[in-house]
K.L.:
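The structure under discussion is supplied below as structure tokens; questions concerning it will follow.
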2 protein chains.
Amino acid sequence: MATIRDVAKAAGVSVATVSRVLNETGYVHEDTKKAVNLAIKELDYSPNEVARSLYKRKSRLIGLLLPDITNPFFPLLARGVEDEMRDHDFRLIFGNTDEDAEKEQDYIQTFQQNNVIGIISMTNTLSKTTYNDLSIPVVFLDRTASSLPSVYADGKEGGRIAAQELIKRGSKCITLIKGPAHLQTALDRFQGSLEVLSSSDVNFNVMSTTSFSFKDAEKWAKDLFQKYIDTDGIIASNDIVATAVLHEALRIGKSIPNEIQIIGFDDIPLSSLLYPSLSTIRQPAYEMGREAAKLLIRLIKNDKKIDHNIQLPVSFIERSTTRKVDEHV
Amino acid sequence: MATIRDVAKAAGVSVATVSRVLNETGYVHEDTKKAVNLAIKELDYSPNEVARSLYKRKSRLIGLLLPDITNPFFPLLARGVEDEMRDHDFRLIFGNTDEDAEKEQDYIQTFQQNNVIGIISMTNTLSKTTYNDLSIPVVFLDRTASSLPSVYADGKEGGRIAAQELIKRGSKCITLIKGPAHLQTALDRFQGSLEVLSSSDVNFNVMSTTSFSFKDAEKWAKDLFQKYIDTDGIIASNDIVATAVLHEALRIGKSIPNEIQIIGFDDIPLSSLLYPSLSTIRQPAYEMGREAAKLLIRLIKNDKKIDHNIQLPVSFIERSTTRKVDEHV
DNA sequence: TTGAAAGCGGTACCAT
DNA sequence: ATGGTACCGCTTTCAA
């Protein structure tokens with residue numbers, strides 16, 4: 001690996017000059033610039049980011065925290081973050097936290113030790129103050145953080161839409177699955193649906209659940225069909241849960257969407273691959289990732305602690321677990 | 001952020017001494033060690049990895065290259081890599097390459113600029129020599145690289161098993177979907193199946209495809225059922241393709257698994273969530289990721305260029321797109 | 001317009 | 001057993 005000194009020697013100038021042409025800072029004569037660039041090319045030199053980082057006390061690395069990359073919702077977000085960051089020559093260090101505070105803390109520490117210039121977090125196990133004390137900008141993604149910059153989808157509206165679409169398509173007895181109470185995003189969806197359901201004239205039940213895991217969801221799905229036999233419409237807390245419900249419905253011989261309609265939330269890739277394919281409320285995950293990255297970059301540049309919250313719109317993706325609206329009415 | 005100098009001052013010793021207790025190298029009196037550790041605690045000091053990396057010319061960062069984290073097969077591998085690396089206090093910088101040589105080259109360069117101590121690559125767009133010239137150890141994952149360390153599953157055996165299971169379960173006319181020719185792993189599976197099929201007394205067709213994309217696979221699936229109407233068993237090149245085939249079969253009213261049996265490859269999380277759930281040849285993706293990480297760590301420690309290839313066993317996961325073996329016979 | 005040199009925060013050699 | 005200090009590769013004053 002050639003160093004800046006090698007380049008300087010080869011070009012017959014000082015390292016300071018090389019540094020100037022590298023960073024396009026200060027005055028450099030055209031001829032010297034040419035000579036330097038030639039030397040750079042010949043030596044196939046590229047600057048050592050570590051040395052830069054040490055001097056500047058900040059790298060071009062971003063820390064990315066997510067609960068579990070294995071959960072199909074997060075890769076979409078992560079990919080959005082990465083693409084945007086790449087466009088600005090930032091790279092990502094990432095860590096799966098499993099919603100475990102210790103892991104999260106751990107990763108944050110090594111992020112700092114590596115001079116990351118900012119953090120995007122899709123977890124919120126740790127208290128907001130932990131993040132606030134960090135001295136580097138943080139953006140929350142898919143997490144609403146009132147006092148900190150964050151990017152998330154309009155879950156409440158999503159919840160409303162889900163209820164409206166089900167009602168519009170003729171469901172008379174709806175079961176609303178309420179996701180984990182500690183996740184604000186899950187709560188928003190729930191409240192949106194509840195709002196619409198409450199002011200409508202359909203019957204509905206609420207079923208509380210405590211996770212988004214498929215295994216758990218399978219059990220709840222069984223419960224659901226035993227307890228609420230009249231159910232003809234289900235609003236699931238997300239697509240994974242909706243899938244479990246769909247599975248169970250099919251297993252016990254319900255006809256979808258004729259006897260039972262199902263709406264999920266997220267629109268993970270899986271949803272379109274199911275059979276029947278899953279109608280769902282789409283969160284623009286990839287775009288959310290990109291937005292979070294953009295926001296973080298702005299924070300990095302401004303170096304201010306702006307409290308900016310970006311809410312992206314959701315949309316109803318009509319597939320085959322809901323009836324066509326014409327068919328009915 | 002406290003520095004080693006702050007600690008030294010607080011403990012009334014030199015930075016050299018602090019460094020010694022930090023790294024547990026050389027002699028340090030018990031009492032001084034205690035004083036230093038106390039200072040560290042009080043100042044909440046943790047060493048600057050960037051400075052370390054600069055001096056040592058190697059960091060504790062690993063570069064991870066994958067085609068697309070959005071493809072459900074890769075998160076499993078990535079998670080395996082991460083968990084193992086975390087156990088050894090390594091962190092990951094990752095990059096999606098989209099099988100694009102330029103992106104791949106680009107990431108490799110920034111990996112080097114950041115002093116990564118090793119690379120795990122799940123892509124092979126670039127020539128092997130590019131990797132060979134790298135001066136840092138590289139392990140290929142889910143890619144067979146004859147001259148370089150790599151970890152992959154026994155695709156050939158997987159192909160054999162798939163064919164055997166289908167035959168055992170009574171398929172008489174099998175369509176074998178051959179995946180992209182440029183992927184050795186896809187080829188292995190194909191050849192394994194071909195081998196068994198050739199020496200059996202069932203009829204079979206081979207259908208060539210050029211990608212693992214679901215969109216493309218949907219078209220091929222349509223073709224398949226038009227061209228090979230007698231097909232009563234399908235060996236797909238992976239689970240995504242199998243899903244498309246399943247979708248199409250259901251759409252045109254085929255009964256699964258009675259009229260048509262389907263076997264996939266990979267066992268991505270999606271497979272068990274389909275309805276009917278997909279029988280498939282499982283690659284132990286998570287374990288493969290961990291093995292790759294272990295291998296890389298060994299290479300880092302030995303600092304030798306060992307050419308080590310680790311092949312992990314595959315297994316048949318019996319679900320609902322294949323008939324029970326008793327039912328038939 | 002250019003160069004010398006201090007310093008970023010560690011590590012490790014050489015003395016003592 | 002401990003301290004002084006050169007050095008890792010770069011950036012940025014400050015002088016010339």
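So that the names make sense, note that chain A is the first sequence line, chain B the second, and so on, each numbered from 1.
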K.L.:
What is the nucleic acid contact for B:V18, judged by heavy atoms within less than 4.0 Å: base, sugar-phosphate only, or nothing?
P.N.:
nothing
K.L.:
According to a strict under-4.0 Å criterion, is A:S19 in side-chain N/O contact with OP1 or OP2 of D:dT11?
P.N.:
yes
K.L.:
I need the NZ-C1' distance between A:K33 and C:dT2, as an integer number of Å.
P.N.:
14 Å
K.L.:
Just the rounded figure in Å: distance from C1' of D:dG9 to OH of A:Y55.
P.N.:
13 Å
K.L.:
Between A:N23 and D:dT11, is there a side-chain N or O to OP1/OP2 distance below 4.0 Å?
P.N.:
yes
K.L.:
Looking only at side-chain N and O atoms, does B:Y27 come under 4.0 Å of OP1 or OP2 in D:dG3?
P.N.:
no
K.L.:
Give a yes/no answer on whether the side chain of B:R57 brings an N or O atom under 4.0 Å of OP1 or OP2 in D:dC8.
P.N.:
no
K.L.:
Contact class for A:T25 vs. all strands (heavy atom < 4.0 Å): base, sugar-phosphate, or nothing?
P.N.:
nothing
K.L.:
So do the side chains of B:V15 and B:I4 get within less than 4.5 Å of each other, counting heavy atoms only?
P.N.:
yes
K.L.:
Quick one: is the NZ or CZ of B:R79 closer than 6.0 Å to the six-membered ring centre of B:F74, and within 45° of its axis?
P.N.:
no
K.L.:
Tell me, yes or no, whether the heavy-atom count around A:E99 atom CD, taken from other residues, nucleotides or ligands under 6.0 Å, exceeds 12.
P.N.:
yes
K.L.:
Is there, by distance only and without an angle test, a donor paired with an acceptor across the side chain of A:R52 and the base of D:dG9 below 3.5 Å?
P.N.:
no
K.L.:
What nucleic acid atoms does A:T17 come within less than 4.0 Å of, heavy atoms only: base, sugar-phosphate, or nothing?
P.N.:
sugar-phosphate
K.L.:
Among D:dT12, D:dT5, C:dG10, which nucleotide sits nearest the side chain of B:V15?
P.N.:
D:dT5
K.L.:
So for atom NZ, which belongs to A:K9, do other residues, nucleotides or ligands contribute more than 12 heavy atoms lying within a distance under 6.0 Å?
P.N.:
no
K.L.:
Would A:R86 count as a cation-pi partner of B:Y107, with NZ or CZ less than 6.0 Å from the six-membered ring centre and within 45° of the ring normal?
P.N.:
yes
K.L.:
Applying a 4.0 Å non-hydrogen cut-off, can you work out what B:V50 is touching in the nucleic acid: base, sugar-phosphate, or nothing?
P.N.:
nothing
K.L.:
How long is the line joining CZ of B:R60 and P of C:dG10, in whole Å?
P.N.:
16 Å
K.L.:
Rounded to the nearest angstrom, tell me the gap between atom CZ in A:R5 and atom C1' in D:dC10.
P.N.:
8 Å
K.L.:
By the 4.0 Å heavy-atom rule, please label B:S53 as base, sugar-phosphate, or nothing.
P.N.:
nothing
K.L.:
Do any N or O atoms of the protein come closer than 3.5 Å to N or O atoms of nucleotides 14-16 of chain C, and which pairs are they?
P.N.:
none

K.L.:
Which whole-number value in Å describes the distance from B:I4 CD1 to C:dG7 P?
P.N.:
18 Å
